[in-house]
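First up is the structure itself, then whatever we jot down about it.
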Amino acid sequence: MLKKTLKFVGWTLFGIFGFLVLYVLSVYLISKITVNADIAQVEEQDAVPIYILSNGVHTDIVVPIVNDIKDWRNQIQFSQTQSKDSLMNFIAFGWGDKGFYLDTPEWSDLKASTALKAAFGVSSSAMHTTFFKQLKEGEDCKRILISKENYQKLVTYISDSFSNPTNPEWIEGHNYGKKDAFYEAKGSYSLFYTCNTWANSALKAANQKASLWTVYDKGIFIHYQ
């Protein structure tokens, strides 16, 4: 009996190790495959500037607060931030696991239950929005010029990610700083669909360069070097 148990445990551990190796290799290799590599250049006077912004782990999609295509102030209220500062020009959107977002302000606060729920896609999600007056381009912040037609597609993708696309449901009492807010979102985070997968899919929806599939921020930014 003991021998059978040890054999079962051994094969289980081997299976877990094999899965992790295959997962890491897949993430690395597939992330390097570019989609929409031949996207046509858009002249600045005809384009909408957007940004991809990373904090080293998580990627946000940053767009103008208002233009002739979309006025985000109709859904995302300045009054729902601590600062209530309306002198902003851009808004960042970052989809993610609700438990991570709301219950894990620091990595030291991470609970095993939160991590397991996120890994296996059994928790709910949230949208984190942050207002910016300006952004500074660099390794972790890339500016992209897209056509108005493609920007409309991006707007639709972002809007459809909220649990209520026309009137996002504010998660009151939660924020990281003075210029951000959280909202209820659709979908579940998992090992195969992370915050960065969402951002990568946003770029694909807007017909921009992106990874075929990625779960980490470098899988997006490698296509914008």
Side-chain angles (χ1 to χ4, degrees), residues 48-111 113-115 117-119 121-135 141 151-190 193-203 205-206 217:
V48 177
I50 68 168
Y51 296 82
I52 48 174
L53 176 66
S54 173
N55 64 2
V57 176
H58 167 92
T59 304
D60 279 348
I61 300 293
V62 189
V63 301
I65 290 176
V66 57
N67 60 18
D68 58 350
I69 298 172
K70 177 67 176 180
D71 186 345
W72 289 104
R73 298 171 299 182
N74 293 329
Q75 282 82 38
I76 312 300
Q77 308 294 323
F78 294 119
S79 61
Q80 293 169 343
T81 66
Q82 284 190 359
S83 71
K84 306 186 189 309
D85 186 356
S86 62
L87 298 178
M88 299 287 113
N89 297 315
F90 298 94
I91 182 170
F93 293 92
W95 178 94
D97 180 76
K98 189 175 179 180
F100 265 110
Y101 268 151
L102 305 187
D103 303 327
T104 315
E106 303 289 343
W107 283 110
S108 58
D109 299 312
L110 179 61
K111 299 177 182 178
S113 59
T114 301
K117 286 180 180 179
V122 295
S123 60
S124 54
S125 60
M127 186 73 76
H128 183 225
T129 64
T130 309
F131 290 110
F132 291 93
K133 190 166 188 178
Q134 60 184 13
L135 292 99
C141 182
Y151 181 63
Q152 179 61 70
K153 294 176 181 178
L154 178 61
V155 166
T156 299
Y157 175 87
I158 294 173
S159 296
D160 286 347
S161 296
F162 288 95
S163 58
N164 186 336
T166 57
N167 187 25
E169 183 181 347
W170 177 35
I171 304 174
E172 191 171 357
H174 292 276
N175 58 274
Y176 288 158
K178 294 184 177 181
K179 297 176 181 178
D180 68 317
F182 288 94
Y183 299 84
E184 299 288 352
K186 295 176 183 175
S188 294
Y189 187 105
S190 73
Y193 195 92
T194 70
C195 52
N196 297 303
T197 313
W198 178 87
N200 186 68
S201 295
L203 293 171
D217 64 332

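Here the CG atom belonging to D97 is positioned 8.0 Å from the OG atom belonging to S125, to the nearest 0.5 angstrom. Rounding to the nearest 0.5 angstrom, the gap separating the CD1 atom in I158 from the OH atom in Y151 is 6.5 Å. W170 CH2 to Q80 CD: the interatomic distance, rounded to the nearest 0.5 Å, is 5.0 Å. In this structure, the separation between CD1 on I61 and CD1 on I50 is 6.0 Å, given to the nearest 0.5 Å. Q75 CD to K70 NZ: the interatomic distance, rounded to the nearest 0.5 Å, is 3.5 Å. For the atom pair CG (D60) and CG (N196), the distance works out to 9.5 Å, reported to the nearest 0.5 Å.
Listed here is the closest heavy atom pair of T81 and K84: OG1-N, 3.0 Å. The two atoms that bring S188 and S123 nearest to each other are OG-O, 2.9 Å, heavy atoms only. Contact record, I91 with P64: CG2-O, 4.4 Å, taken as the closest heavy-atom pair. For N67 against I69, the heavy-atom pair with the smallest separation is OD1-N, 2.9 Å. For the pair A202 and L154, the tightest heavy-atom approach, listed with the atom from each and the gap, is O-CD1, 3.6 Å. Residues G94 and H58 come closest through the heavy atom pair CA-NE2, 3.6 Å.
Between R73 and I65, the closest side-chain pair of non-hydrogen atoms falls below 4.5 Å. The side-chain heavy atoms of F93 and Y183, taken from C-beta on, include no pair separated by under 4.5 Å.
A ring-centre distance under 6.0 Å is found for W198 and Y157.
Proximity of a side-chain donor or acceptor of D217 to a complementary backbone N or O of T59 within less than 3.5 Å is not detected. Here the side chain of S124 pairs no donor or acceptor atom with the backbone of K98 at under 3.5 angstrom. At least one donor-acceptor pair under 3.5 Å links the side chain of Y176 to the backbone N or O of Y101.
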Go through the steps for I171 and E184 under the test side chain to side chain contact (heavy atoms under 4.5 Å, CB included), then give the verdict. CA-CA 7 Å; I171 304 174; E184 299 288 352; 3.8 Å; yes
Could you please spell out the steps behind the side chain to side chain contact (heavy atoms under 4.5 Å, CB included) verdict for K153 and T156? CA-CA 5 Å; K153 294 176 181 178; T156 299; 5.7 Å; no
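For E169, there are no salt bridge (Lys or Arg N to Asp or Glu O under 4.0 Å) partners two or more places apart in sequence or in a different chain.
Heavy atoms from other residues, nucleotides or ligands lying under 6.0 Å from NZ of K186 number more than 12.
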Output side-chain donor-acceptor pairs under 3.5 Å for residues 127-135, partner residues at least two apart or in another chain, one line each.
{"residue": "H128", "atom": "NE2", "partner": "D180", "partner atom": "OD2", "Å": "2.7"}
{"residue": "T129", "atom": "OG1", "partner": "A181", "partner atom": "O", "Å": "3.2"}

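The aromatic rings of Y193 and W95 sit perpendicular to each other, their planes meeting at more than 60°, with 30° as the lower class boundary.
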